[in-house]
Protein chains: 2
Amino acid sequence: MLGVLADAGFSDTRARRAVVSALCESRTGVTPGLLLQQARVRHAGLGQVTVYRTLEILERLGLVRKLHQEDGCSAYAPASSGHGHPVICRKCRSTVEYDGCAIDSVLRDVSARTGYRVESHWLELFGVCPACRRNE
Amino acid sequence: MLGVLADAGFSDTRARRAVVSALCESRTGVTPGLLLQQARVRHAGLGQVTVYRTLEILERLGLVRKLHQEDGCSAYAPASSGHGHPVICRKCRSTVEYDGCAIDSVLRDVSARTGYRVESHWLELFGVCPACRRNE
DNA sequence: TTACTTGCAAAAACTTTGCAGGCGC
DNA sequence: GCGCCTGCAAAGTTTTTGCAAGTAA
């Protein structure tokens, strides 16, 4: 992810490395506040503002995606590919991406029923991850 | 919508009528701030806090749904039925609901590929409404 | 060196809470 | 009349902005 940043013309700084590492190590979505805490383990002097600014860059480059959850819409998770949808465990919050978007038939149905020409969509899935299922 | 409020044990007050009317008349999603402006046409003394509190009730009763858009996640739109998905015009912002959720096959695919047991989902669609298509 | 980055502090925006008075029933 | 409801004011939270100092290239 740092490589992509460099390719896009952004400097390789200690602050950004700390944010990116913390983000990638987290198996769940992280809010800017939590990300600050976790990234400070690597770079004690890190400021909240830099976290916001780094997230903004990463989002613009498509490297992270915002998660929208019951308790807020400010969490971010790494985005594996151009088009994907987060699948979130409601027990442990672990988050993975679903890429094989087999949703075309749904889009056609929406178009047919509403008259809207559908150009994009946003899908998020909630459930229970394999590990949590084993502990049920 | 006011009837449902009464049935659920809430008083029929002037403030709530103003909020509900303004919400129903709007063909797009409305934020709490905008809703205050529009509802004050009917009830000049209305306060922002009451708008928040009314929206909270309506959401709990399933009468309104939150919209998540590029520019924020605090807009609300009337919810037609138990399970539906908003379809939003990116030009005029007009918003309708798509109810015929033909998405089961997608959910099965997600389950198969990620191992997560999918229990619920959240889908939002963006495109161009019939009226805006005619003006293109 | 030069331009991009950073972190602090302050401001702004948004949402929630406490409370005395008002209103529906 | 009782208890729910309201609006103001204040507090809390989150995010953005301005700016001087620091750092990558």
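Residue numbers begin at 1 in each chain, while the letters A, B, ... track the order of the sequences.
Judged by distance alone, the side chain of Thr95(B) and the main-chain N or O of Arg93(B) form a donor-acceptor pair under 3.5 Å.
Helix bend of the helix from dT1(C)-dA25(D) to dC25(C)-dG1(D): the angle between its two end axes, each built from five pairs, comes to 40° after rounding to 10°.
Between Asp109(B) and Arg113(B) there is a salt bridge, since at least one side-chain N of the basic residue sits less than 4.0 Å from a carboxylate O of the acidic one. Of the charged side-chain nitrogens involved, at least one lies within less than 4.0 Å of a carboxylate oxygen, so that Glu25(B) and Arg42(B) count as a salt-bridged pair. A salt bridge links Glu136(B) with Arg117(A): the closest approach of a Lys/Arg side-chain nitrogen to an acidic carboxylate oxygen falls below 4.0 angstrom.
In the region residues 47-67 of chain A, proximity to DNA chain D at under 4.0 angstrom, judged on heavy atoms, holds for Val49(A), Tyr52(A). The stretch residues 5-32 of chain B comes close to DNA chain D through Phe10(B), Ser11(B), Thr13(B), Ala15(B), Arg16(B), each having a heavy atom under 4.0 Å from the strand.
Within the hydrophobic cluster formed by Ile, Leu, Val, Met, Phe, Trp and Tyr side chains joined at under 4.5 Å, directly or through other members, Val51(B) is accompanied by Met1(B), Leu2(B), Val4(B), Leu5(B), Phe10(B), Val19(B), Val20(B), Leu23(B), Val30(B), Leu34(B), Leu35(B), Leu36(B), Leu46(B), Leu55(B), Ile57(B), Leu58(B), Leu61(B), Leu63(B), Val64(B), Tyr76(B).
For His43(A) and dG7(C), the shortest distance from a side-chain N or O to OP1 or OP2 is below 4.0 Å.
In this structure, the separation between OH on Tyr116(A) and SG on Cys129(B) is 5.0 Å, given to the nearest 0.5 Å. Put simply, CD on Glu124(A) and CD1 on Ile88(A) are 4.0 Å apart, with the number rounded to the nearest 0.5 Å.
Remark: C1' of dA13(C) and CG of Leu36(B) are 15 Å apart, rounded to the nearest angstrom.
Residues passing the ring pair (Phe, Tyr, Trp, His ring centres under 6.0 Å) test with His68(A), sequence neighbours excluded: Trp122(A), His68(B).
When heavy atoms are screened at a 4.0 angstrom cut-off, Gly33(A) is found touching no nucleic acid atom at all.
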Item checked: Derivation of the salt bridge (Lys or Arg N to Asp or Glu O under 4.0 Å) call for Arg65(A) and Glu59(A) -> CA-CA 6 Å; Arg65(A) 210 185 298 288; Glu59(A) 189 177 19; over 6 Å; no
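Residue pairs meeting the side-chain hydrogen bond (donor to acceptor under 3.5 Å, both in side chains) criterion with at least one partner in residues 1-19 of chain A, sequence neighbours excluded, are Asp12(A)-Arg17(A).
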